[in-house]
Amino acid sequence: MKNEKIDFYSPIDLKTYNLEQTVRYQLDILERLDLFTRKHSENVANLCCRICEYLHCKKSFTIHCTICGYLHDVGKMQIPTKILNKPDKLTEEEYEIMKTHTTLGYKICMQEPKLRPYALAALDHHEALDGSRISKRD
C-alpha cells in the first residue's frame, strides 16, 4: 500500500450498489432542490467507497459507508431554498439555519426505519476532531 497510487476522486471504480428505494427517493428530492448538493453527495459517496476499498474493508462496511456518503446532507431538503441556493455569503442568521441541516438529516433518517442505520452520518458529518459538532442532538 505504501507505494500504491490511487486516485480517490476517480469515479471509474465506484460500484453501483442497489440503493433502497427510500434512499433513491431522498436523493431525488435533494436533486430537485439543489443539484449542487446532490452532486456533492455522489462525490462524497464515491470518496467513501474508494477509501474503504483502499483499506480493504469488508463489502458490507463499504456499502454502509457509501450510503452514508449519499445521505450525509439529506437534511438540506428542509433548509429554505432561498438559503440553500443563495449565491452570496450567508448572513449569520442564515448560517445558523444552514447548520441545522445535520440535526434535520438525523431526524429524517430516524423517522424512516430503512434510513436509521445512516442517521449518525447525517448528524456527525461536521464533527470536529475534538468531538464537538455544529449542532446538537435533541
Side-chain angles (χ1 to χ4, degrees):
M1 258 200 260
K2 184 177 179 184
N3 295 326
E4 182 180 356
K5 290 187 178 184
I6 187 165
D7 179 5
F8 285 112
Y9 293 97
S10 171
I12 295 169
D13 291 335
L14 179 62
K15 294 177 177 51
T16 305
Y17 297 112
N18 290 327
L19 296 176
E20 290 276 345
Q21 181 178 0
T22 309
V23 175
R24 288 194 313 270
Y25 175 73
Q26 299 296 333
L27 293 171
D28 289 344
I29 291 173
L30 192 57
E31 182 174 12
R32 281 181 283 216
L33 294 173
D34 183 25
L35 184 58
F36 173 82
T37 301
R38 167 62 189 257
K39 192 67 180 158
H40 165 70
S41 295
E42 290 173 353
N43 290 337
V44 170
N46 179 33
L47 188 56
C48 290
C49 181
R50 301 281 297 170
I51 290 171
C52 286
E53 289 175 344
Y54 179 74
L55 296 173
H56 304 289
C57 296
K58 290 183 179 180
K59 183 178 179 181
S60 60
F61 183 75
T62 300
I63 292 170
H64 178 82
C65 289
T66 301
I67 294 172
C68 284
Y70 278 119
L71 292 175
H72 78 281
D73 271 343
V74 72
K76 287 186 177 181
M77 291 187 316
Q78 295 183 354
I79 300 295
T81 54
K82 68 178 184 175
I83 294 174
L84 187 63
N85 296 318
K86 184 176 180 180
D88 303 317
K89 184 177 179 180
L90 299 177
T91 65
E92 280 189 41
E93 182 181 323
E94 291 168 334
Y95 183 59
E96 289 302 314
I97 293 169
M98 182 62 85
K99 289 193 309 187
T100 65
H101 82 276
T102 58
T103 305
L104 294 170
Y106 175 80
K107 290 177 181 178
I108 289 169
C109 290
M110 290 305 291
Q111 289 172 355
E112 172 57 53
K114 291 182 178 180
L115 300 181
R116 283 185 192 149
Y118 316 108
L120 289 178
L123 181 67
D124 292 336
H125 75 274
H126 284 288
E127 182 176 335
L129 290 174
D130 67 0
S132 63
R133 31 171 97 101
I134 64 168
S135 59
K136 302 285 184 214
R137 193 180 329 179
D138 290 345

Novice: Among Ile79, Ile97, Leu90, find the one that has a side chain to side chain contact (heavy atoms under 4.5 Å, CB included) with Leu84.
Specialist: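 With Leu84 as partner, side chain to side chain contact (heavy atoms under 4.5 Å, CB included) holds for just one option, Ile79.
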
Novice: State, yes or no, whether a side-chain contact exists between Arg50 and Tyr54 at a heavy-atom distance under 4.5 Å.
Specialist: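 A side-chain contact under 4.5 Å is absent here.
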
Novice: Using the rule that two of Ile, Leu, Val, Met, Phe, Trp, Tyr join whenever any of their side-chain heavy atoms come within less than 4.5 Å, decide whether Val74 and Ile29 are in one cluster.
Specialist: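 Yes, one cluster joins them.
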
Novice: Salt-bridge test for Arg116 and Glu112: reply yes if a basic N is under 4.0 Å from a carboxylate O, no otherwise.
Specialist: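 The answer is no: the pair does not qualify as a salt bridge.
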
Novice: So, Asp28 and Arg38, do they make that salt bridge, N to O below 4.0 Å?
Specialist: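 Looking at Arg38 together with Asp28, the answer is yes, because their closest N to O distance falls below 4.0 Å.
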
Novice: Report yes if some heavy atom in the side chain of Glu31 is under 4.5 Å from a heavy atom in the side chain of Gln26; otherwise report no.
Specialist: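 Not in contact.
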
Novice: Atom CD in Gln78, atom CG in Leu33: separation rounded to 0.5 Å?
Specialist: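 Gln78 atom CD to Leu33 atom CG measures 10.0 Å (nearest 0.5 Å).
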
Novice: Can you tell if the side chain of Lys86 reaches within under 4.5 Å of the side chain of Thr91, non-hydrogen atoms only?
Specialist: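 Yes, at least one pair of side-chain atoms sits under 4.5 Å.
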
Novice: Shortest non-hydrogen contact from Lys114 to Pro117?
Specialist: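 Distance-wise, the nearest heavy atoms are O-CD, 3.7 Å.
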
Novice: Between Leu71 and Phe36, is there shared hydrophobic-cluster membership here, with clusters defined by ILVMFWY side-chain heavy atoms closer than 4.5 Å?
Specialist: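 Different clusters: Leu71 never reaches Phe36 through Ile, Leu, Val, Met, Phe, Trp or Tyr contacts under 4.5 Å.
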
Novice: Consider side chain to side chain contact (heavy atoms under 4.5 Å, CB included). Of Ile63, Thr62, Leu47, which one does Cys52 pass it with?
Specialist: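 So the option named by the test is Thr62.
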
Novice: Only one of Asp73, Asn46, Asp34 clears side chain to side chain contact (heavy atoms under 4.5 Å, CB included) with Ser41; which?
Specialist: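 Among Asp73, Asn46, Asp34, the one meeting side chain to side chain contact (heavy atoms under 4.5 Å, CB included) with Ser41 is Asp73.
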
Novice: Which heavy atom of Pro113 sits nearest a heavy atom of Gln111, and at what distance?
Specialist: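 The pair with the smallest heavy-atom distance is CD-O, 3.7 Å.
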
Novice: Atom OG1 in Thr81, atom NZ in Lys76: separation rounded to 0.5 Å?
Specialist: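 Result: 13.5 Å between the selected atoms.
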
Novice: Does some side-chain heavy atom of Cys48 sit less than 4.5 Å from a side-chain heavy atom of Val44?
Specialist: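 In contact.
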
Novice: Is it true that Ile108 and Tyr25 fall in one hydrophobic cluster, defined by side-chain heavy atoms closer than 4.5 Å?
Specialist: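 Yes, Ile108 connects to Tyr25 through the hydrophobic network.
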
Novice: Taking the six-membered ring for Trp and the single ring otherwise, decide whether the centroids of His72 and His40 are under 6.0 Å apart.
Specialist: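 Judged by ring-centre distance (under 6.0 Å), His72 and His40 do meet the cut-off.
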
Novice: Starting at CG of Leu104, measure out to SG of Cys109 and round the result to the nearest 0.5 Å.
Specialist: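 Taking CG in Leu104 and SG in Cys109, the distance rounds to 11.0 Å.
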
Novice: Nearest 0.5 Å please: distance from the CG atom of Leu30 over to the NZ atom of Lys39.
Specialist: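 So the CG of Leu30 and the NZ of Lys39 are separated by 13.0 Å.
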
Novice: Under the side chain to side chain contact (heavy atoms under 4.5 Å, CB included) criterion, do Glu94 and Lys99 qualify, and how do the steps go?
Specialist: CA-CA 9 Å; Glu94 291 168 334; Lys99 289 193 309 187; over 6 Å; no

Novice: Quick one: pull up OH in Tyr118 and SG in Cys65 and give me the separation to the nearest 0.5 Å.
Specialist: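 Taking OH in Tyr118 and SG in Cys65, the distance rounds to 10.5 Å.
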
Novice: Could you report the tightest heavy-atom contact between Ala119 and Tyr106, atom names first, then the distance?
Specialist: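 What the structure gives for the nearest pair is O-CD1, 3.5 Å.
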
Novice: Drop me the distance from Met77's CE to Leu27's CG, to the nearest 0.5 angstrom.
Specialist: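 Reported value, rounded in 0.5 Å steps: 9.0 Å.
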
